[in-house]
There are 4 protein chains.
Amino acid sequence: MKRPPTNADANPASTRSAVGRPRSAEAQEAILQAALELLGQVGYGSFSIEAVAARAGVGRPTIYRRWSSKLELAVEAVVRLAPSVKVVDSGDALADLRNLVSEILPDMTSSATGRAFIALAGDVEVRAELAHRLDERYFQPRRAVVAGLLQRAVIANQIRPDIDCDLLIDLILGAAVYRWLVTGTPVTGESARRIVDAVVDLAAPRP
Amino acid sequence: MKRPPTNADANPASTRSAVGRPRSAEAQEAILQAALELLGQVGYGSFSIEAVAARAGVGRPTIYRRWSSKLELAVEAVVRLAPSVKVVDSGDALADLRNLVSEILPDMTSSATGRAFIALAGDVEVRAELAHRLDERYFQPRRAVVAGLLQRAVIANQIRPDIDCDLLIDLILGAAVYRWLVTGTPVTGESARRIVDAVVDLAAPRP
Amino acid sequence: MKRPPTNADANPASTRSAVGRPRSAEAQEAILQAALELLGQVGYGSFSIEAVAARAGVGRPTIYRRWSSKLELAVEAVVRLAPSVKVVDSGDALADLRNLVSEILPDMTSSATGRAFIALAGDVEVRAELAHRLDERYFQPRRAVVAGLLQRAVIANQIRPDIDCDLLIDLILGAAVYRWLVTGTPVTGESARRIVDAVVDLAAPRP
Amino acid sequence: MKRPPTNADANPASTRSAVGRPRSAEAQEAILQAALELLGQVGYGSFSIEAVAARAGVGRPTIYRRWSSKLELAVEAVVRLAPSVKVVDSGDALADLRNLVSEILPDMTSSATGRAFIALAGDVEVRAELAHRLDERYFQPRRAVVAGLLQRAVIANQIRPDIDCDLLIDLILGAAVYRWLVTGTPVTGESARRIVDAVVDLAAPRP
DNA sequence: TTATAAACGAGACGGTACGTCCTGTCTTTTA
DNA sequence: TAAAAGACAGGACGTACCGTCTCGTTTATAA
């Protein structure tokens, strides 16, 4: 009986048998690192398991033992290696929002992360399963911290109280991601701040 | 001297030599049709020239003679077969906007069109060139008609006059595309209308 | 419908479709040559299609298009490139026999030919089919010329008339092949002649 | 310092350290038995250490600890499990010869034994070393008992006294082995007896 | 008794070759 | 002279074994 070749289920007390040689943590990290670098350099279309194995100094079967497809690998590389978001509270909710979004968006549209996300969305057969995983481990955490800041802004009367926060997040993140997709230019901190400012202005309380 | 293997320049009175057997128009259409169907069925990742040729009943070189890559072919298939946008003027600019967007967005995020667009955005090496082409022939025309309607809404005092129309379009289209990418559920006419309503509400003139 | 990937059936007016690019005769010869050289150098056990392709400067699928297995390829290489046997009639049947056998046996137990033959015999699943083919195209012709010479020797009263020629051939060839298999030293012209002499002596007419 | 991983030298008072867990005799036998069965079933070409380990219910390293290659293992399996030859003296040397050879030859050309022998002969790099070992432990003992019987036949004036016994053995065994190799049909007791009769007839003393 | 040494099964490791599929190019025949 | 058919060199795929290397466990001798 073979074990399903994924470790993305991420339950730390794994059910996998403890007998036999354990999987190498060095190989794991080398593979994810190599995958992320390659994704950033050549894009997902030309991203090959072969090249990842070569760059990581690892046998190809070692990759297949852990991930069942290049999409699984790409998703895990992105998720595991994406910078975590750190929320701060300076007292000024809008300023914190600007700073947070100007960190989140460039990463979201930078090469490797965005590329894997795009590739994911474009592959019809694995979409349902993997898009959810990426959403859950990448997008949802980021939306959550943004939502927290929006709530603080509402309480501080900097944003209309009748606003739909989810929609506001869609507008902010969506506008940036969409511009990036259409024009191809990654979103910078500066352009992220402009979008936040414009949306916040629209959502400001009526005088 | 070989002819550059593209006809995407689309000048109908081509300068190509008229001697010899002419290129088959049936083949052309069969290829584009097959490409679009395959894109919709298997996604861009599993989309192969081989399969397009087989489905179109055509030799592989016949495809390469016309398109230099599968991306070129995918883009042309999408652009040529996407429904044209028909702008109407019922007198109520906002109603016209709602109707227009509720037609544009579902197509934009429906299988084949959206898929090719995504695939395009995700492939680093051809991005600059082809994203521009898709933008020019698919997105820009749609943005233009939306922009026209927004102008009419401004004149009718249904939208604040100091608004940045481009930003508003980014917000509307971006929010929808982003939701589609993240959740995987295509945008319907209904959800498109909700987004328009919300953005228009935000952009309404201050009393 | 795929064509069965063998051309070993050797009917020159093949039923294969005449449309499309014909198979390259250069590739064919390069592959067989490379296969024979490799067989001689590394033996059948370490003989790989990969290496044959590399040495022949040919893509791997080009080999698989023609031969369905490495055994098929090995057999064909041996059969096609084995030197043909030229029978002479000097008047002295026994001398001719000595000369002929001293040419046949060293080739039969020399590296490539013998190796493929051995490999063939050792592989249980293809044995019935391929051993017959090798027998038919390699051994039978050699046995036939030897049988002819033995007949001449019988007529010249140099060999007992009641002899079973097939058995005599088995004795001559078998003793040599067996010695080679057991000791590993290839049969030389000299040792071949010794075997012929001994057997002829045994089979000489009683005075 | 590791011990060379072979036990084929078979000196029971090994120089190996006596401390630690001794090697399991059950594993040893299970491995040899499994190897012999697999050799008989799939031939040497498809014979894999992996399969032997699985069938013997043993870890792969347990095999490598004892034999350095699949050839070593195959040879030992054959040698250890081949039936021993029991020489009898009924008074009639020729009858004893017929009986002995009709036992030896079928085994020599039966599946597992013959297969390993063939595989051995075909592998260029290990040939010199292992062919000698197989010869020494399998062929030489059989040749020796045949030679003894031939001597008795000479003494009994049933065979010419000037005969080269080694050659006679080559003729008998060689003819059988050769027929088996070329035709693929194992040698039976009946066909073995026919060969003996024919050779003995040829080697009979001149009247 | 307890260490200690070495075997055991299990299974992952870096590799190699497999046979398949697709790429983009190139002939050859047919129309 | 373009179209279809199909072979070409090449390269990545995912799989099967290779022979080696940990693991945690078991089994004997030696202390």
Side-chain angles (χ1 to χ4, degrees), chain A residues 2-3 5 16-24 26-28 46-51 53-54 56-66 68-70, chain B residues 3 5 16-24 26-27 46-51 53 57-65 68-70, chain C residues 2-3 5 16-24 26-27 46-54 56-66 68-70, chain D residues 3 5 16-24 26-27 46-51 53 56-66 68-70:
Chain A
K2 279 195 185 176
R3 204 224 166 214
R16 193 158 65 81
S17 165
V19 306
R21 178 175 174 174
R23 290 188 179 161
S24 155
E26 289 87 347
Q28 183 91 355
S46 306
F47 169 79
S48 77
I49 299 272
E50 183 119 351
V58 140
R60 223 156 3 115
T62 298
I63 298 182
Y64 286 112
R65 224 171 270 129
R66 292 173 152 91
S68 60
S69 69
K70 36 192 265 192
Chain B
R3 184 188 184 255
R16 195 159 56 82
S17 164
V19 304
R21 177 171 171 179
R23 290 189 178 165
S24 157
E26 290 87 348
S46 306
F47 169 79
S48 78
I49 297 273
E50 182 116 352
V58 140
R60 232 164 346 125
T62 300
I63 297 181
Y64 285 111
R65 223 170 273 126
S68 60
S69 70
K70 42 191 258 188
Chain C
K2 278 194 186 176
R3 200 222 170 217
R16 196 158 62 82
S17 166
V19 306
R21 178 175 177 175
R23 291 187 179 161
S24 155
E26 289 88 348
S46 307
F47 169 78
S48 78
I49 298 271
E50 184 120 351
V52 173
V58 140
R60 226 159 357 122
T62 298
I63 297 181
Y64 286 111
R65 223 172 272 127
R66 292 171 154 91
S68 59
S69 70
K70 34 192 265 193
Chain D
R3 198 212 171 228
R16 193 158 59 82
S17 164
V19 305
R21 178 174 175 177
R23 290 189 179 160
S24 155
E26 290 87 348
S46 306
F47 169 79
S48 76
I49 299 274
E50 183 116 352
V58 140
R60 234 167 341 127
T62 299
I63 297 181
Y64 285 112
R65 224 171 271 128
R66 292 171 154 91
S68 61
S69 70
K70 42 191 255 189

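Letters A, B, ... mirror the listed sequences (proteins, then strands); counts begin at 1.
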Rounded to whole Å, CZ of D:R21 lies from C1' of E:dA7 at a distance of 5 Å

Atom CD of A:E26 and atom C1' of F:dC21 are separated, to the nearest Å, by 13 Å

Sorted by chain and residue number, the side-chain contact (heavy atoms from CB on, under 4.5 Å) partners of B:A51 (sequence neighbours excluded) come out as B:L38, B:S48

Heavy-atom nearest pair, C:V52 first then C:I63, reads CG1-CD1, 3.8 Å

note: C:I63, atom CD1; F:dA7, atom P; distance rounded to Å ~ 15 Å

Smallest heavy-atom separation, C:T62 atom then C:A27 atom, equals CG2-CB, 4.4 Å

Testing F:dT26, F:dA5, F:dT20 for proximity to the side chain of C:V19, the answer is F:dA5

The reported gap from CZ in A:R66 to CD in A:Q28 (rounded to nearest 0.5 angstrom) is 4.5 Å

The contact string for nucleotides 9-14 of chain F, one letter per nucleotide 5' to 3', using protein heavy atoms under 4.0 Å with B, S and - for base, sugar-phosphate only and none, comes out as SBBBBB

To the nearest angstrom, the CD-P distance between A:Q28 and E:dA12 comes to 13 Å

Looking only at heavy atoms, the pair that brings D:G59 and D:A53 closest together is C-CB, 4.3 Å

Contacts of B:E26 meeting salt bridge (charged side-chain N to carboxylate O under 4.0 Å, His left out) (sequence neighbours excluded), chain-then-number -> none

